[in-house]
Structure formats: C-alpha cells, structure tokens
Novice: 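One structure, as structure tokens, below. Some questions next.
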Amino acid sequence: MNVSKMRMVGVIASMAMLGTALAGCGTQSATTSQQGNTTASGGSTQPVYGGTLTLDLLSQFPHLDPAKAYDTTSEEAVEQFYNTLVTYQGATNTIVPDLASYTVSDGGKVYTFSIKNAKFWNGDPVTAQSFITEFQRVLSNSMQSGGQGFVDPLIQGSAAYVAGKATNVSGLKAINSSTLQITLMHPSATFLYVLAMPFFSAVDPTYIAAHSESYIDTHPMGTGPFELASYTPGKDYVLTKNPNYFVKGIPYLNKIVFNINNSPSAVLFHFEQGQTGMISWNQGGIPTEDYLPLINNPTYASDIVKQTEVATDYFGLNCAVGPTQNVAVRRALEYAVNKQVIVRILDGLAVPANQIIPPSMPSGYEQNLPANASYSYNPALAKKLLAKAGYPKGFNTTIYTDNSSPTDLKMAEAVQQMFSQVGVNATINQSSWNTFLASNETGKQNMFTLAWLEDFPDPSDFLNTLFNTNQIPVNDSTNYSNKQVDALLNQGSIMPAGTARDNVYKQAQNIIMSQAPWIPLVNPVYAAAVQPWVKGFYVNPNLMDPLQYIWIAKH
C-alpha cells in the first residue's frame, strides 16, 4: 500500500503540513490551545454557538472508514467522525491525550492508556476493546489498510496475527474495560505519532460485527464532534453536531454542509459571494488557478493563510532501469534543473528544495549539505558529467506524470525543456492519477514527477519509507538500494529520540543525496482562503481542518 505519495500539486495527498508563514485577517494564526481558541481581529473573540458552515468539496469522500482513509479528502471527514487515543495540540507537533491519558514504562516498550468516559453516537460506550478491534482490522490483510505497516511488526504479536498464525495480537491487552495496554517489540520514538493517525480510531465492536465493510465505509459510527446526517450522491454531505461529544464546550457549529463541486471557477465564485466559508482541505488548498485572483484582490488578500508544507515535490530517477542506472548520469541531471523556474510556474506557492527532508521538519534537515550531496543549476557541468558517463550526445528517455492538474504538465514540460538543453530528449507520458500511480509502484518508470507529504513529524517517514531496500518498488519506486543506508535506517528505527538519532538520519540522507535517486524540486506552500467571519481556524502540521473549533461570527 502506498503511503504518502501525492501529485506534484497537492490536490489529493495523504497528510498535512507544518507552517512557516502565516497571513490572515479575521482568520487568526494558529493557537497553541488544544481548544483552538483564537483572537480574531474584528468582532467578538468569544466563540459563538450555532450556525451552518457551507463548503465546496472537490469530490466525494473516497472513504469514511478510518481503517481505509488515507487521503486528505477522506481524512477531512473521518477526523470529524472519529477520535484516537492521542492527538496533536492545536497547531503544534505536541502529542496530547484525546480519548485516553497514558503512561509509558521505563523501558519504553509498554504503553498503558486510561480511556475517558465517552460514547459512540448510538450510545455504546468506548472501551479498550474499541481500539483492539480497530488495530486488528488495520492489521488484517483483507482490509488492505495503509495503516498496517505503521504497527507491524512493531506491536508484539502483530507479525503472527498478520501471518494468520494467531487469532489475537499478544501485544494488545484490555486490562479492564477502560484500560488498554500495548506492548512493543522495541522502544519507538514515533509510536505516539502513529497512534494519532486516523487509522487507529475507536470503533464500536458491536457495530463493526453487525455490518459489512462496504456499509461501514459509507455509514460511520464514531465518537467525533459531528455525525453524518445525510449523503446525497453527487450532491452533498450534511454533518450535524454531536450533542454528547465527550469534549465539553465543542463543537460550536450546528451543521456543516459539504457541497460536491469540482469546478474551480464555481469554487472561487461561491467564496467571493460569501456562500462558502473556506477554501481549504475541502479543495486540497486553493486551486492554483484561483490563487492569483484571490491574492491580488484587496478584498480577499488578507484572508489567505499560507504555510510551507512538510512535503517535497521531486523528480524520480530510476536506479535500476535505463541510463539513470549510472550514478554519474543521475548527478548530471541534478545540475540540469533550474528550480527557480519551477517556483515561478507554481505562482510562488513553493520554495526551492535542495534535499529530501523539508526545512519545516522538526529534525533531520541539514542546514549545510556536504559538497558531494549538494547541487546547483549548472547545465555546462551537467553536459560535462554526461560526457564522462558515456553519453556525450545525451540520450532518449520518458518522463511519467499524471494528468490531474495542468500545472503538473507544465512542470514536467519545464524539466523536459531543461533536460533538452543538456542533450537528454524526453517524451512525456501522461495518464490519470490512478494509472500513473499503479505504474509507478512497479518500479519500471524511467523518470517521474511525484511528491511526498509527511504522515508524522519525523525524518524516518521520508527516509525509511522511501529509500529502505525493503520498500522497493511500491514506495521506493526509484529502486534505490544501499546496504549502508539500510543499516543506518534500521538503526534509527530503534533509537530513542534525540541528537544521536537525528545524526543517523542526516548521515543516511547525505549518502542518498550523493547518489541522486531524486532531484528534490520544491517544498510546496499550502494556501487556504478563510472568510473573516469564520473564526477559530488554524493549520496543524499533521491534521486536516479543525472544524470542531470553528465558529461563525456575526456578519
């Protein structure tokens, strides 16, 4: 199962981003409060109860089952319907209790959770079994959940369960109805981040046992702040307030209406007319074609929130197929790309990238790359290196990309033109996102455009997932393999958080960059438009929109 691959421009991606620059009026920058309080400029700063928030939605939600949801469109809904053991505080990367408080044993292998008094919408209580059931669903091979790899083989007994050699996971125990104990095979610096992912939400075991997977995927039964009141295919989803939500005081809104609408011009018109409250994750951020009209309009320019994503748009170079098997060729192509041109194509919604780890990642980013891992635009040097590699006249190849956005093609064409300047003549193969991704995961594409967005704030989510030999070809679709890098990544996976672990990942990245399986292009900038009368909005690096904390001011 592919994890966080996304299109070059994040229309449908997997997870979220960390910000560096906030601009907003009426929609305030993120608060550190878990409650999402904000000090909105103009009008009352006190939350107001009631009202309906209407949003245009890019497409129908692919999944409403937390075990299956692994894209930003699905997660926008699932995070309203379900809760996890722990979550992130406000706009930060700090883990705090959600449905449970917790303690960790001295050895770092045993986590004990005390589950809060909470109920599902149907009145059934949340218990330790609510989580055990969901973990087992995620681990089940028949579910094909993208969450399986995050906890297997990490949780004790998960491997036997996945292999069909055990009917239960030995590391998951209900000490009593309100106490859950999870035992790991080894300490993990990222386990709490994993638990905050929607995959590991509380589900009602009775409800799960009584319904088919397809029914559960369209009829959620959660604990979340909003319930699904209705879904009209092709038209809308209506969410209503959970009056018995276990977090007192929220949500503020009575209703949220997602109108399915994939027309960019209509999305902009509805926002400008005040018919919709936000253009945010419901559209994968502001569509590129709408960004300049909004930012250049004095009426709306101050209502744009921008943050640099914890993501990297990159150009993949196959290490096992074609001329790019030769590391000298890959290094030559690194020098052939002018990343400032890519930034201009994205209307400034990006910053040039010089490495795999984004600068907004809390650890692992290298301020000063070693000389052998650093590249700058130098077409003359690219030609010289190609000649030394045995390609003095260049070569013919294919660039694979998807056709989800005109901007994707523009970027592929820009790289195609840059390559032609050094003698590399590329044909562009463009297909639908699903077709492109299925092809990419075979590891047979010569060159391709793609991006990676963090699942959680740790360098292992980029480096181990994308460059460990055991990830070939689905996630490591460049077929990059290096025993020294594998050893470092495996070492880092069992080390405690801290400088020593960070240095292990930096060492791994430097080796990878020196061998150039990727040309990191840009770190994309996420942009949302939020009406001044919509209060409480903020951006978390790892979650979707905080709709439970949003209220509507008098306007």
Side-chain angles (χ1 to χ4, degrees), residues 34-36 49-53 55 57 60-69 73-87 97-100 113 115-138 143 174 177-178 180 195-233 236-258 543-551:
Q34 187 188 1
Q35 297 298 316
Y49 287 94
T52 298
L53 178 68
L55 304 170
L57 185 66
Q60 71 175 34
F61 296 119
H63 297 289
L64 297 180
D65 183 341
K68 295 182 177 179
T73 303
S74 297
E75 290 180 359
E76 178 81 338
V78 168
E79 289 180 6
Q80 312 313 315
F81 297 147
Y82 291 91
N83 291 93
T84 46
L85 287 162
V86 296
T87 188
D98 190 8
L99 269 171
F113 295 90
I115 298 168
K116 298 177 182 177
N117 183 20
K119 293 183 178 180
F120 295 95
W121 305 329
N122 60 9
D124 288 349
V126 177
T127 66
Q129 187 60 45
S130 304
F131 293 97
I132 293 174
T133 296
E134 182 65 355
F135 272 90
Q136 291 179 336
R137 296 178 75 228
V138 169
M143 182 63 71
S177 64
S178 61
L180 171 69
L195 294 183
M197 298 175 75
F199 292 125
F200 308 105
S201 299
V203 298
D204 183 354
T206 303
Y207 186 81
I208 294 295
H211 297 92
S212 67
E213 286 185 9
S214 60
Y215 185 87
I216 293 165
D217 205 20
T218 53
H219 297 77
M221 177 55 66
T223 57
F226 292 98
E227 305 176 18
L228 179 61
S230 68
Y231 165 51
T232 304
D236 64 23
Y237 294 85
V238 177
L239 282 60
T240 54
K241 177 179 182 175
N242 173 7
N244 302 309
Y245 191 45
F246 75 99
V247 180
K248 301 303 179 186
I250 58 171
Y252 303 116
L253 296 168
N254 282 342
K255 184 186 293 186
I256 300 171
V257 178
F258 287 99
L543 301 174
M544 302 297 104
D545 295 316
L547 298 179
Q548 70 272 37
Y549 297 125
I550 282 178
W551 76 93

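None of the values given here were measured: they were computed from a predicted structure. If you read the sequence from its start, that first residue is 1, and numbering goes on from there. Just the heavy atoms: all of them, side chains too, but no hydrogens, waters or symmetry mates, feed the values below.
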Novice: Is Asp98 close to Phe246 at the side-chain level, that is, under 4.5 Å between some pair of heavy atoms?
Specialist: yes
Novice: If you measure from CG on Asn117 to CG on Leu99, what distance do you get to the nearest 0.5 Å?
Specialist: 10.5 Å
Novice: Taking the ring centre of each residue, are Phe61 and Tyr231 less than 6.0 Å apart?
Specialist: no
Novice: Ring centroid separation for Phe200 and Phe135, is it under 6.0 angstrom?
Specialist: yes
Novice: Assess the residue pair Thr84 and Met197 against the criterion (side-chain contact (heavy atoms from CB on, under 4.5 Å)); give the C-alpha distance rounded to whole Å, side-chain angles, the decisive distance to 0.1 Å, and a yes or no.
Specialist: CA-CA 7 Å; Thr84 46; Met197 298 175 75; over 6 Å; no
Novice: Checking the side chain of Lys68 only, and the main-chain atoms of Met143 only, is there a donor and an acceptor separated by less than 3.5 Å?
Specialist: no
Novice: Taking side chain to side chain contact (heavy atoms under 4.5 Å, CB included) as the definition, give me every residue that meets it alongside Ala210, ordered by chain and number, with sequence neighbours left out.
Specialist: none
Novice: What's the separation between atom CD in Gln60 and atom CG in Asp236, rounded to the nearest 0.5 Å?
Specialist: 12.5 Å
Novice: Evaluate side-chain contact (heavy atoms from CB on, under 4.5 Å) for Ile115 paired with Thr127, printing each intermediate quantity in order.
Specialist: CA-CA 7 Å; Ile115 298 168; Thr127 66; 5.7 Å; no
Novice: Should the pair Trp121 and Tyr82 be assigned to parallel (<30°), tilted (30 to 60°) or perpendicular (>60°) ring geometry?
Specialist: tilted
Novice: Apply side-chain contact (heavy atoms from CB on, under 4.5 Å) to residues Phe258 and Leu239 and explain how you reach the verdict.
Specialist: CA-CA 8 Å; Phe258 287 99; Leu239 282 60; 4.0 Å; yes
Novice: Search all heavy atoms of Val257 against all heavy atoms of Lys255 and return the closest pair with its distance.
Specialist: CG2-CD, 3.9 Å
Novice: Using side-chain heavy atoms (C-beta onward) and a distance below 4.5 Å, is Asp545 in contact with Leu55?
Specialist: no
Novice: Hey, is the main chain of Ser130 close enough, under 3.5 Å, to the side chain of Thr133 for a donor-acceptor pair?
Specialist: no
Novice: Return all side-chain donor-acceptor pairs below 3.5 angstrom for residues 214-230, not counting sequence neighbours, or 'none' if the list is empty.
Specialist:
{"from": "Ser214", "atom 1": "OG", "to": "Ser212", "atom 2": "OG", "distance (Å)": "3.1"}
{"from": "Asp217", "atom 1": "OD1", "to": "Leu64", "atom 2": "N", "distance (Å)": "3.0"}
{"from": "Asp217", "atom 1": "OD1", "to": "Asp65", "atom 2": "N", "distance (Å)": "2.9"}
{"from": "Asp217", "atom 1": "OD2", "to": "His63", "atom 2": "ND1", "distance (Å)": "2.7"}
{"from": "Thr218", "atom 1": "OG1", "to": "Ser214", "atom 2": "O", "distance (Å)": "3.3"}
{"from": "Thr218", "atom 1": "OG1", "to": "Tyr215", "atom 2": "O", "distance (Å)": "3.1"}
{"from": "His219", "atom 1": "ND1", "to": "Tyr215", "atom 2": "O", "distance (Å)": "3.2"}
{"from": "Thr223", "atom 1": "OG1", "to": "Asn83", "atom 2": "OD1", "distance (Å)": "2.8"}

Novice: Can you name the side chain to side chain contact (heavy atoms under 4.5 Å, CB included) partners of Asp124, sequence neighbours left out?
Specialist: Phe120, Asn122, Asp204, Thr206
Novice: Return the CE to OG1 distance between Met544 and Thr73, rounded to the nearest 0.5 Å.
Specialist: 9.0 Å
Novice: Between Asn244 and Lys119, is any pair of side-chain heavy atoms under 4.5 Å apart?
Specialist: no
Novice: Kindly compute the distance separating CD1 (Ile208) from CD (Gln136), expressed to the nearest 0.5 Å.
Specialist: 12.0 Å
Novice: So which of Pro198, Ser201, Pro66, Ser74 actually passes side-chain contact (heavy atoms from CB on, under 4.5 Å) with Glu79?
Specialist: Pro198
Novice: Do you know the tightest heavy-atom contact between Arg137 and Ala67?
Specialist: NH1-CB, 3.8 Å
Novice: Closest approach of Gly50 and Asn254, non-hydrogen atoms and distance?
Specialist: CA-ND2, 3.5 Å
Novice: Indicate yes or no: at least one non-hydrogen side-chain atom of Pro251 is less than 4.5 angstrom from one of Leu547.
Specialist: no
